[in-house]
Each structure stands twice: as C-alpha cells, then as structure tokens.
Amino acid sequence: MSQSNIQASRRNLMTAGLGLAAGAAALPLTAAAQAAPVKSTPAKSADARTTSGSKTTQGSGFVTTQDGVQIYFKDWGPKSAQPVVFHHGWPLSGDDWDAQMLFFLAQGYRVIAHDRRGHGRSTQTDTGNEMDTYAADVVALAAHLDLKNAIHVGHSTGGGEVAHYVARAEPGRVSKAVLIGAVPPIMLKTPANPGGLPIEVFDGFRAALAANRAQFFLDVASGPFYGFNRDGAKIDQGVIRNWWRQGMEGGAKAHYDCIKAFSETDFTEDLKKIDVPVLILHGEDDQIVPIADSAHLAIKLVKKGALKTYPGLPHGMATTHADVINKDLLAFFKA
C-alpha cells in the first residue's frame, strides 16, 4: 500500500470513529476501573518555596505519589485565596487552561492546573493510567498544597476525574465542581447504557494512535475537537498547534491506556454521591462527547446540579469561546 493510501486509511479510521460519536445520542462510561487505587502521599515540590510572613510563593513544582510518579502542577496567586483547580482533557496538559488560569488569577483566585500522570510534564508512567489512580493523584496534590474549600473544574476526561475525585474527597476539601464537555456518566455502549458508543469506536482511536499518534492528534485538533470541520468555521492554526504540542508532550503508553479510562469508566455512582453544587456546561455541537448521552444524563444524577448548554459550540469551547465560558464560570463561583 502506498504511503498516501496508508495516511488516507488512518484518517478515514479516525473520521469514522468520530462520526459515530457525533451521531450517537448518548455517551455512557462503563467498566469502572477495576484496579485498586495507588495510594498517593505528598512529597516536597521540585521548586524551592520562598516564605515571607504568612505568604508562600511557589509557582510550579511536582508532587511525588506513593508509586514514585511525579505529578507536575502550576500554582498561581495568593495562597490565602479560594483555590480553583483545573483538570484537563485527553491527551492534553494543564496548559490547556491558560485562558482560564489568567482570567481567574486576575479575579483574585488561587489557580492550579496539573498534568495528569503520563501527560504533559508529569512522569510518562506505564502504570496507573485509570480513574482510581488519577483520583488518588489528585488526593496527593490536594494534600500537598493543603487545598481547602476548592472549586474543581474538569473538561472532557478531566470532568470524569473531577467526578471521581470529588465523590471521594475529604470533608472541607471541595466547595463546588464544574463539568465542561465532560464524559460522565459513561461513554461506552453497554446493556445498562444502550445509547453509548460501541467499543469499535475506541478500538479505532487506539489503532490510530498506535499507527501514527502525531497525525492522529493533528487530525483531531484540526477537525472535530474545535468544530473546525464545520462549514464556515474560523480555523485557528495557533490553537491547533498548541493542542498538538500538548498531546505530543505526553507519553504514548499513557495516552493509549487513557482511552479505556475515559471511555469505559462508569461515573454514575460518583455523580450520585457528590453533595456539593455542580455546574454542567456543554456545547450542543460537541462532536467528541455528544450532549445527549453525557450532560443530559449527568444532570439527572447529581443532587445539586445546574445545566447550561450552548447552541453551536464545540467540544473545545473553553478555548474557542473562553470569554463566554469564563463569564459563566465566574457567576457560578460567586453564587
């Protein structure tokens, strides 16, 4: 087969999988992670801390989990201010929240974004790439930074991480949660979730990643993630390149494993357990996590939830329409 035919075949595989996603009316997450969570313990940051009176300046650093994985984080703003913790989507990093980090820093909040294990600047681990361990890593981060009364905001896979963590968080650690274009309750089609996506869709993701991760990531960012494949879309090459940069910074093994984590984890019980206010934001033209089987189902499961949807907005709306999303987040934070 010629090189051009090989590339075309890979693009067709990815497009077919995402096409199924766009056409599905629902998005469930089955097979909750079976592996026991790795217990994480905080360790000293790699960055030196400077203390002046009661104020501590850090900026960025690492927390080391009990299994030796280093989780990178950025921590900006007054340490006495209310913390807002941002959880990124697959296969990105904490850099995906730049527009939110700068905005809420200017609003007086303490803003924190970490790179999930295997992603960004964190250890490219070949183990623990599932939701139980992801949540345990957040426990370690929260303990290390002594986060209290924090607001946790998650996008896509990060929304699943938020649900899994908040449902297990120590009392006093969390005040509110936000799910943006998030994968809960579950994406995979199962007997309990007949509206979900068939396993073949996610097998296609794995095949495309293994065959040519760089091209696969470019295709996703250039097309459905930001809605750049829609007629009349204003394509932003900087956004595409930044998505690709973040993705390629992480580890291929962790990214491969994380497909199972975001597609097969069932967050139904997590959503039911959360007892803090939850804001669910979702684009109505989300081609990656179709709204009918995610936000429309999740809102029925949370105790104190509010749902806001956006006609025509894509999966990556927190980037393409940061001004709109930031305004709605701020209103929720202050409510």
Side-chain angles (χ1 to χ4, degrees), residues 74-89 92 94-114 138 142 147-163 165-167 169 172-185 226-227 239 267 270-271 274-286 288-289 291-292 294-335:
K74 293 180 282 189
D75 179 10
W76 305 341
K79 302 309 177 253
S80 58
Q82 184 175 24
V84 182
V85 184
F86 294 97
H87 304 244
H88 64 80
L92 306 174
D95 291 353
D96 199 44
W97 293 107
D98 283 355
Q100 284 69 45
M101 292 278 284
L102 292 171
F103 177 83
F104 287 102
L105 177 65
Q107 295 294 324
Y109 290 91
R110 176 184 181 184
V111 293
I112 299 156
H114 68 289
V138 180
L147 301 180
K148 298 174 182 176
N149 196 39
I151 302 169
H152 285 262
V153 181
H155 173 241
S156 197
T157 300
E161 182 177 274
V162 166
Y165 165 72
V166 172
R173 291 287 188 194
V174 180
S175 65
K176 294 180 180 179
V178 182
L179 308 180
I180 304 177
V183 296
Y226 296 111
V239 166
F267 299 96
D270 291 330
L271 294 173
I274 295 173
D275 57 6
V276 298
V278 178
L279 174 64
I280 300 173
L281 305 178
H282 216 103
E284 294 179 13
D285 192 34
D286 190 324
I288 304 297
V289 182
I291 191 172
S294 52
H296 286 170
L297 299 181
I299 190 61
K300 299 176 182 178
L301 298 171
V302 293
K303 299 173 184 176
K304 305 172 184 177
L307 170 64
K308 184 165 186 176
T309 67
Y310 302 83
L313 294 200
H315 187 61
M317 64 184 183
T319 295
T320 59
H321 295 77
D323 55 340
V324 174
I325 302 305
N326 289 350
K327 179 180 177 182
D328 290 340
L329 289 176
L330 183 61
F332 177 67
F333 293 177
K334 290 185 173 182

Please list all pairs passing the side chain to side chain donor-acceptor pair (under 3.5 Å) test where one or both residues lie in residues 96-106, with sequence neighbours left out.
Q100-N326
Applying side chain to side chain contact (heavy atoms under 4.5 Å, CB included), can you list everything that pairs with K148, at least two apart in sequence or on another chain?
D146, R173
Do L147 and V85 come close enough that some side-chain heavy atom pair is under 4.5 Å?
yes
Q82 side chain vs N149 backbone, donor-acceptor pair below 3.5 Å:
yes
Taking all atoms of both residues into account, what is the closest heavy-atom pair of P314 and G227, and its distance?
CB-N, 3.7 Å
Atom CZ in F103, atom CG in L330: separation rounded to 0.5 Å?
5.0 Å
Within the 4.5 Å heavy-atom criterion, are V239 and T319 side-chain neighbours or not?
yes
What are the two closest heavy atoms between Y109 and P78, and how far apart are they?
O-CD, 4.1 Å
Side chain to side chain, D270 and P184, heavy atoms closer than 4.5 Å:
no
E161 CD to S156 OG distance, which is reported to the nearest 0.5 Å:
11.5 Å
Test of understanding: with side chain to side chain contact (heavy atoms under 4.5 Å, CB included), list the residues that count as partners of K308, not counting sequence neighbours.
L281, Y310, D328
Within a strict 4.5 Å, meaning less than it, do heavy atoms of the V153 and V84 side chains meet?
yes
For the CD1 atom of I112 and the CZ atom of F104, what is their distance to the nearest 0.5 Å?
14.0 Å
Those residues at least two apart in sequence (or on a different chain) that pass side-chain hydrogen bond (donor to acceptor under 3.5 Å, both in side chains) with K176 are none
From L307 CG over to I291 CD1, what is the distance, rounded to the nearest 0.5 angstrom?
6.0 Å
Under the salt bridge (Lys or Arg N to Asp or Glu O under 4.0 Å) rule, what do R110 and D75 come out as? Steps first, then yes or no, please.
CA-CA 7 Å; R110 176 184 181 184; D75 179 10; 2.8 Å; yes
So do M317 and V324 actually touch side chain to side chain, heavy atoms under 4.5 Å?
no
With the side chain counted from C-beta on, respond yes when V276 and S175 share a heavy-atom pair under 4.5 Å apart, and no when they do not.
no
OG1 (T157) and CG (L92) are apart, to the nearest 0.5 Å, by 9.0 Å
Tell me if the centroids of the rings in Y165 and H152 come within less than 6.0 Å of each other.
yes
Residue list, ring pair (Phe, Tyr, Trp, His ring centres under 6.0 Å) with H114, at least two apart or on another chain
H87
Evaluate the side-chain proximity of K74 to D95: yes if any heavy-atom separation is below 4.5 Å, no if none is.
yes
On a heavy-atom basis, the closest approach of K303 and I274 is CD-O, 3.6 Å
Verify side-chain contact (heavy atoms from CB on, under 4.5 Å) between L329 and I325, making sure each step is shown before the conclusion.
CA-CA 6 Å; L329 289 176; I325 302 305; 4.0 Å; yes
Check: H296 ring centroid to H282 ring centroid under 6.0 Å:
no
Locate the shortest heavy-atom distance separating V289 from A182; write the atom from each residue and the value.
CG1-O, 3.4 Å
Show the nearest heavy-atom pair for residues V174 and A169, with the distance to one decimal.
CG2-CB, 3.8 Å
Looking only at heavy atoms, what is the nearest atom pair of G159 and L179, with distance?
O-CD2, 3.4 Å
Using only atom types and a distance under 3.5 Å, with no angle test, would you say the side chain of H88 pairs donor to acceptor with the backbone of G154?
no
Starting from the C-alpha separation in whole Å, work towards a yes-or-no answer on side-chain contact (heavy atoms from CB on, under 4.5 Å) for L102 and W76.
CA-CA 9 Å; L102 292 171; W76 305 341; 4.1 Å; yes
Which value, rounded to the nearest 0.5 Å, describes the distance between I299 atom CD1 and L271 atom CG?
9.5 Å
Test of understanding: with side-chain hydrogen bond (donor to acceptor under 3.5 Å, both in side chains), list the residues that count as partners of Q107, not counting sequence neighbours.
none
